Protein chains: 2
Amino acid sequence: MHTLYPEKSSCRQTRSETGHFLICCDADSNIRQHGERYCQTLFHVSCVSCSPCAFPCPYLVCFLLSPGRAPDPPLSPGRAPGPLNFFLGGGTMAPDPSWPPESPDPPWPPECQTLFHVSCVSCSPFSRSSRCLWMISVPLQIHSVTFPLPLHMSEQQLLKPDEWSYCDYFWADRKDPQGSAIISGFEVLLQKQLKGRQMQKEMAEFVRERIRIEEEYAKNLSKLSQIPLAAQEEGTLGSAWAQLKKSLADEAEVHLKFSSKLQSEVEKPLLIFRENFKKDMKKFDHHMSDLRKQLASRSAAVEKARKALADRQKDLELKTQHLEIKLNSKIEEDIKKARRKSTQAGDDLMRCVDLYNQSQSKWFEEMVTSSLELEHLEVERVEMIRQHLCQYTTLRHETDMFNQSTIEPVDKLLRSVDPARDRELWVREHKTGELRPVDMDI
Amino acid sequence: MHTLYPEKSSCRQTRSETGHFLICCDADSNIRQHGERYCQTLFHVSCVSCSPCAFPCPYLVCFLLSPGRAPDPPLSPGRAPGPLNFFLGGGTMAPDPSWPPESPDPPWPPECQTLFHVSCVSCSPFSRSSRCLWMISVPLQIHSVTFPLPLHMSEQQLLKPDEWSYCDYFWADRKDPQGSAIISGFEVLLQKQLKGRQMQKEMAEFVRERIRIEEEYAKNLSKLSQIPLAAQEEGTLGSAWAQLKKSLADEAEVHLKFSSKLQSEVEKPLLIFRENFKKDMKKFDHHMSDLRKQLASRSAAVEKARKALADRQKDLELKTQHLEIKLNSKIEEDIKKARRKSTQAGDDLMRCVDLYNQSQSKWFEEMVTSSLELEHLEVERVEMIRQHLCQYTTLRHETDMFNQSTIEPVDKLLRSVDPARDRELWVREHKTGELRPVDMDI
């Protein structure tokens, strides 16, 4: 959002009574281009000053119908838009509980997850040179966390630019996609860890099953190699055949070795996790949510103190008005007392704000430290899995190579199979007599 | 045997009454050397003229105890050898029914299968220059087949020298090693054919079992590749993992293709035999044994005619003696009649011998033709099996190569696994907000 509006001279900021920040600015023809490029955030827009709006800005309508693409022709003038949904580019905002919108028709981009209230506060019939003035209400505090004013957002630099570090992208809470619960950014990181661990376990399970298949295959090949089929084949052919069976036993051995190496060099290492992994994750979880609870209670204390101060100020104002009407010492005393109380309420508020800020700082620090730690764990996990899957392919390569070599002696003996030589060997052993018969004499 | 004795000037041949041929010859010191080199035939030797032999020839004793190795020292003089067994080199002879010898002690060479009677007919105390005279009885006819005289054996050349052709080595009968039955040389060839066919079938059975193993292996790999284990792994690691599973499916496919090619290119061809193979073998068998039966009956007819002639000749001789004592015309008439009958018996014998020789010729021709045919079949069989076992190894090689290539895309994706990139992808999708909290103002 800060990429779209901050430069606009017509933007005005003010604080609403509800603790929300209002930003009003012109929507001009540029919005379309920007919206297409940066479209990431959903706003809830309603025209409040000229309802129904005779000429809603066609570009906003365009965003509503198909984010990133203008309908042709634009919606006809005269349409009563009522509340409009449209997208604006820019940073991520906190989620609005009314998400998802009732009408699922527009193809919302998947990354769009944040809903804002935007209200058209001054609207005139659209023309190329005309301007629509929109009021966008941005909550300042979300789930007890205080975010900067929109105009200050652009001042923030990422802690670790270009690294996509965990510590930079999980400051807001969001709705659990599986349910209606709100989960913190840190919980998203923790879930990633648990899921990663589960993936690793499943890979080990996959390898375990491969080991089982290889063992069975090796057992079957070995068994076959020992069956005395055609064991009485003789001569050079008999030798080649015997080698073929021996090579089968070797092949079985190769697969058995493969399975045993798979177990020791792939499956086992995949199953070794950082000790106490789950415990550590739980500890992280409890620690961070405790900090968030403290933050919430201190935020409530701030609100209470702020209200008390407002009451005191109102009281003081009221008494000051009385004094203007009727001057007397009793009232002066009351005003003094009210001013003292108001000052004290101010001090209370300051103390509460201070405590709140201390809590938020502590949470902030822990968020950075812990998310960096989780990030490191994830790098380790990916590297470790990559390394052991490489070992898997190395073992597979080896297996193929060893298998090739089991066949070579068979090829060699098959090349020297010689029916004439076999006949000679067989005849030498089995001949019954080379003395040929002769005619009988009398 | 013809390599040992024919040159000896002392060798004498004569025909015994039993239709056996007697060969008497000197045994000199050369026998040992020859015996070692050519030792293939077992003789049964007994000293008949000087029993007990005071000084049996130590070289013959040497053959008895350990064919091919002289005992040191030779048996002491004075030993009564009784019947001795020893080996002589040379051609193969017909089997003697008293084989195997009662004492299995000497380590008979496995090729030794023929037993002869050898008798020492003149024996004197041994010295370097002395001679033992041995009588060796060699049957002229064995199982109705007539073999040449020992002195003529050396005149025979092999029909196909240096080819170890079936047609040259299966003229004699022999004892079935499994039982006491006598089987012909041709039956040995037929059994080789049947055994060869059995071997081929068993090889096909082996391949069939390999096919089954490959199919099961492929099925298991394919099943594993489809299990959605770690399917939610994300980013570059997720891609590598997905490829690893896809490659497993490819690997399964490679093994399935291997098994299907094994079936069509190895198993099936191995099971295709020359049509009517067994029938053909039976026809061969019946044909040859019919010829042998005819030969046997004609041989019996010859013996009968020979005996009739001998009787007639005896009768004529008797009558001629009577005529010398008492001359009268009645006797002269008788002599004429006896001479006529003797001449007729001689003619009968000639006719019988002629018929016998015709039978033997017919058998001889069939033996040559048929054994050459079987030889050709065996060459075909060996070539055919060799070719299909080569196909087996080719398919195995291919399988290993294809398997290698299934791994390459996994390796490629594993090389591009990048934890930083994965974090970026995941953060882009799951980030909750990069707007950091700020201190609350009053």
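Proteins come first, then strands; the chains are lettered A, B, ... in the order of their sequence lines, and each starts at number 1. As the structure is a computational prediction, the values presented were derived from the model and not from experiment.
For the set B:Thr236, B:Ile227, B:Val188, the count of heavy-atom pairs under 4.5 angstrom toward chain A peaks at B:Val188. In terms of heavy-atom pairs under 4.5 angstrom with chain A, the leader among B:Met350, B:Arg210, B:Lys195 is B:Arg210. In terms of heavy-atom pairs under 4.5 angstrom with chain A, the leader among B:Leu158, B:Val417, B:Val410, B:Thr399 is B:Val417. Contact count against chain A (heavy-atom pairs under 4.5 Å) is highest for B:Leu224 among B:Val382, B:Asp354, B:Val379, B:Leu224. If you tally non-hydrogen atom pairs under 4.5 Å between each of B:Gln198, B:Glu234, B:Glu408 and chain A, the highest count goes to B:Glu234. When each of B:Val353, B:Asn403, B:Asp418, B:Val302 is scored by its heavy-atom pairs under 4.5 Å with chain A, the top score falls to B:Asn403.
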Q: Quick one: do B:Leu244 and A:Tyr392 satisfy side chain to side chain contact (heavy atoms under 4.5 Å, CB included)? Show the steps, please.
A: CA-CA 10 Å; B:Leu244 188 146; A:Tyr392 167 86; 3.6 Å; yes

Q.
Could you go through A:Phe206 and B:Lys245, starting from their C-alpha distance and side-chain angles, then the distance that decides it, and tell me whether this counts as side chain to side chain contact (heavy atoms under 4.5 Å, CB included)?
A. CA-CA 9 Å; A:Phe206 179 93; B:Lys245 292 174 82 182; 3.8 Å; yes

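Closest of all the heavy-atom pairs between B:Trp171 and A:Pro437 is CE3-CD, 3.6 Å. Heavy atoms only, all atoms of each residue included: A:Asn220 and B:Ile213 are closest at O-CD1, 3.4 Å.
A distance-only check finds a donor-acceptor pair linking the side chain of A:Glu202 to the backbone of B:Ala230 [under 3.5 Å]. With hydrogens and angles disregarded, a donor-acceptor distance shorter than 3.5 Å links the side chain of A:Gln156 to the backbone of B:Arg436.
At a 4.5 Å heavy-atom cutoff, A:Leu425 makes no contact with chain B through either its backbone or its side chain. No part of B:Met367 comes within reach of chain A, as not one of its non-hydrogen atoms sits under 4.5 angstrom from that chain. Heavy atoms closer than 4.5 Å to chain A are found nowhere in B:Ser184, neither backbone nor side chain. Looking at A:Gln387, neither its backbone nor its side chain comes within 4.5 Å of chain B, counting heavy atoms on both sides. Both the backbone and the side chain of A:Leu414 have a heavy atom closer than 4.5 Å to some heavy atom of chain B. In this structure, chain B has heavy atoms under 4.5 Å from both the backbone and the side chain of A:Leu159. In this structure, the portion of B:Asp422 lying under 4.5 Å from any heavy atom of chain A is its side chain and not its backbone.
Ring planes of B:Tyr217 and A:His255: perpendicular class, angle over 60° (limits at 30 and 60°). Between A:Trp426 and B:Phe170, the ring planes lie parallel to each other; the angle is under 30°, not in the 30° to 60° tilted range.
Here the straight-line distance linking atom CZ of A:Phe402 with atom CG of B:Asp400 works out to 12.5 Å at 0.5 Å rounding. The distance from the CD atom of A:Gln200 to the CH2 atom of B:Trp241 is 10.5 Å, given to the nearest 0.5 Å.
The existence of a salt bridge linking A:Glu378 and B:Arg423 is excluded, since no basic side-chain nitrogen approaches an acidic carboxylate oxygen closer than 4.0 Å. Using a cutoff of 4.0 Å between basic side-chain nitrogens and carboxylate oxygens, A:Arg396 and B:Glu251 are scored as salt-bridged.
Each of B:Glu205, B:Arg208, B:Glu209 was compared with A:Leu229 under the side-chain contact (heavy atoms from CB on, under 4.5 Å) criterion, and only B:Glu205 meets it. When the options A:Arg381, A:Arg386, A:Lys201 are evaluated for a salt bridge (Lys or Arg N to Asp or Glu O under 4.0 Å) with B:Glu233, the one that passes is A:Arg381.
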